[in-house]
Amino acid sequence: MSSERLRAKAEEIASRAGREADSCASAQELDALRVRYLGRKGELTALLREVGTLAPEARRAAGDALNRVKEELAARLTVAASALAEERAAPGPGRDLTLPGRRPPVGRVHPLTQTTLELLDVFRHLGFAVHEGPEVELEYYNFEALNTPAWHPSRDEQDSFYLAPGVVLRTHTSPVQIRVMERQPPPVRMVAPGRCYRRDNPDATHAVMFHQIEGLYVDRGVTFGDLRGTLEEFARETFGTATRARFRPSYFPFTEPSAEMDILCVGCRGEGCRMCGHAGWLEVMGCGMVHPAVLRAVRYDPEEVSGFAFGLGIDRVTMLRYRIDDIRLLTENDILFLDQF
Ligand code: 2U9
């Protein structure tokens with residue numbers, strides 16, 4: 001086909017498409033027309049492919065001409081579409097403009113995020129800086145530096161997600177504190193929020209991806225008393241001024257001595273209920289004095305400084321606050337569930 005022939009054919013197609021566009025009554029019809037003429041298998045697109053069959057010297061001019069026709073038709077269809085939309089919006093029979101508009105669905109801040117932001121406000125109020133760090137961590141920062149020796153169970157394949165030799169999805173946010181202490185001399189007073197990963201069998205209280213806030217205060221003369229005072233104030237500001245807390249001995253490789261902090265059950269004020277498993281107390285966080293081996297790992301002198309550290313599960317605090325009994329609800333994206341917050 002000669003280039004003149006091609007050009008004439010393109011014009012003919014475009015004007016036919018234009019006429020059809022004027023008689024389209026809906027956006028859907030217009031879209032169908034757009035596909036029929038300008039789509040990958042469209043009539044005009046097919047013609048453009050013919051340009052390749054022309055003699056080389058005729059190709060450029062013909063190609064430009066056909067592209068111009070194509071762009072003009074595309075513009076015409078866009079104009080037709082907005083004219084249709086305006087027409088649809090215009091007052092007319094059967095269209096009651098006094099009807100209220102359709103309120104666009106408004107999202108919510110996820111309950112986990114709400115809790116995280118509130119907890120971070122409490123810690124900022126208690127003088128803690130907020131630091132974040134990588135979720136994909138080096139084994140050294142996630143384990144070694146935290147006095148967790150190679151034989152420690154948490155280092156086993158089945159407990160942690162290894163991405164490569166020496167590279168693991170962090171199992172806690174403690175590596176962030178190590179990274180901060182490496183680049184900052186004491187005093188250090190910080191919290192590190194974020195996602196953590198552990199190979200776990202998901203059930204109502206365990207998820208392979210969960211959220212933590214861990215905190216640390218290292219300075220001269222920091223005592224367990226400072227730990228208690230700080231965490232009891234945290235509990236009052238988070239769960240209410242009437243909150244009572246207690247500390248039970250525990251064990252973590254990176255703290256010595258270690259403890260669990262419980263609060264009087266917010267459901268039954270200690271009487272015993274389903275929420276606290278009839279214990280009257282709810283375990284909310286673990287804590288302890290930073291192990292000297294950890295201080296040495298970041299070249300702090302345990303003779304000079306001491307520190308306390310703590311860690312809490314944000315998912316758990318969120319479940320306590322909103323009386324949620326299955327952690328999976330927090331990540332299943334069920335709009336009916338999320339709409340409550
Ligand atoms: C450094 C030194 C010590 C952080 C600590 C805990 C106790 C703890 C758990 C809370 C809920 C993990 O998600 S959870 O199951 N964490 O109980 N975390 S002490 O100790 C540190 C951190 C950093 C440098």
Side-chain angles (χ1 to χ4, degrees), residues 112 115-116 119 123 128-129 131-133 135 137 140-148 152-154 159-160 169-200 203 205-219 222 224 226-228 230-231 234-235 238 245 247-263 282-300 302 305-320 327 330:
L112 277 172
T115 305
T116 303
L119 293 175
F123 284 121
F128 288 85
H131 290 271
E132 300 197 75
E135 294 180 21
E137 250 308 355
Y140 169 77
Y141 284 101
N142 196 78
F143 292 119
E144 254 101 2
L146 285 147
N147 193 34
T148 310
H152 193 277
S154 68
D159 274 21
S160 309
L169 286 182
R170 66 180 180 192
T171 59
H172 46 189
T173 60
S174 316
V176 179
Q177 283 115 312
I178 297 291
R179 289 175 176 279
V180 170
M181 288 196 281
E182 281 187 342
R183 57 175 191 261
Q184 175 187 330
V188 172
R189 191 174 173 87
M190 60 162 289
V191 290
R195 282 186 178 169
C196 304
Y197 306 82
R198 289 185 189 166
R199 261 182 200 284
D200 227 331
D203 61 18
T205 54
H206 294 84
V208 293
M209 178 198 78
F210 57 99
H211 308 76
Q212 273 195 347
I213 291 182
E214 294 210 351
L216 177 77
Y217 175 41
V218 177
D219 200 349
V222 175
F224 199 98
D226 299 318
L227 170 64
R228 282 199 65 149
T230 305
L231 294 189
F234 161 77
T238 305
F247 291 78
R248 280 176 295 114
S250 181
Y251 169 81
F252 303 102
F254 31 79
T255 50
E256 186 55 44
S258 304
E260 294 288 353
M261 183 180 91
D262 305 331
I263 59 168
L282 291 167
E283 180 185 310
V284 283
M285 62 202 305
C287 57
M289 299 309 286
V290 179
H291 197 291
V294 174
L295 295 175
R296 279 191 288 275
V298 292
R299 290 191 226 325
Y300 284 10
V305 296
S306 58
F308 68 65
F310 54 84
L312 62 88
I314 300 171
D315 316 74
R316 176 156 172 67
V317 173
T318 304
M319 293 168 76
L320 291 178
I327 195 171
L330 293 171

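Just follow the structure's listing: the first ligand is 1, and inside any ligand the first atom is 1.
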Specify side chain, backbone, both or neither for [X], according to which of its non-hydrogen atoms lie closer than 4.0 Å to ligand 1.
| X | value |
| --- | --- |
| Leu146 | side chain |
| Cys287 | backbone |
| Phe310 | backbone |
| Met181 | side chain |
| Phe254 | both |

Item checked: Test of ring centre spacing under 6.0 Å for Phe123 and Phe310 -> yes

Checklist line | Pair His172 + Phe254: ring centers closer than 6.0 Å | finding: yes

Check: Among all protein non-hydrogen atoms, which one is nearest to atom 22 (C) of ligand 1, and what is the separation to 0.1 Å?
Finding: Glu214 OE1, 3.4 Å

Next item on the list: Report the nearest protein non-hydrogen atom to atom 17 (O) of ligand 1: residue, atom name, distance rounded to 0.1 Å.
Entry: Gly286 CA, 3.0 Å

Notebook entry, point to check: Looking at Ala309 and Val290, what are the two nearest heavy atoms and their distance?
Noted result: CB-CG2, 4.0 Å

Next item on the list: Decide whether the shortest distance between a heavy atom of Gln212 and an atom of ligand 1 is less than 4.0 Å.
Entry: yes

Margin query: Between ligand 1 and Thr173, can you find any atom pair, the residue atom being a heavy atom, that is separated by under 4.0 Å?
Written below: no

Note to self: Only heavy atoms of Phe210, strictly under 4.0 Å: list the atoms of ligand 1 that pass.
What the structure shows: 13 (O)

Checklist line | Sub-4.0 Å atoms of ligand 1 with respect to non-hydrogen atoms of Ser174 | finding: 22 (C), 23 (C)

Notebook entry, point to check: Does Arg170 use its side chain to pair, donor to acceptor, with the backbone of Gly133 at less than 3.5 Å?
Noted result: yes

Checklist line | Nearest-option assignment for atom 3 (C) of ligand 1, heavy atoms, candidates Ala309, Gly311, Gly313, Gly288 | finding: Ala309

Next item on the list: Identify which of Met289, Arg198, Glu256, Arg179 has a heavy atom lying nearest to atom 15 (O) of ligand 1.
Entry: Arg198

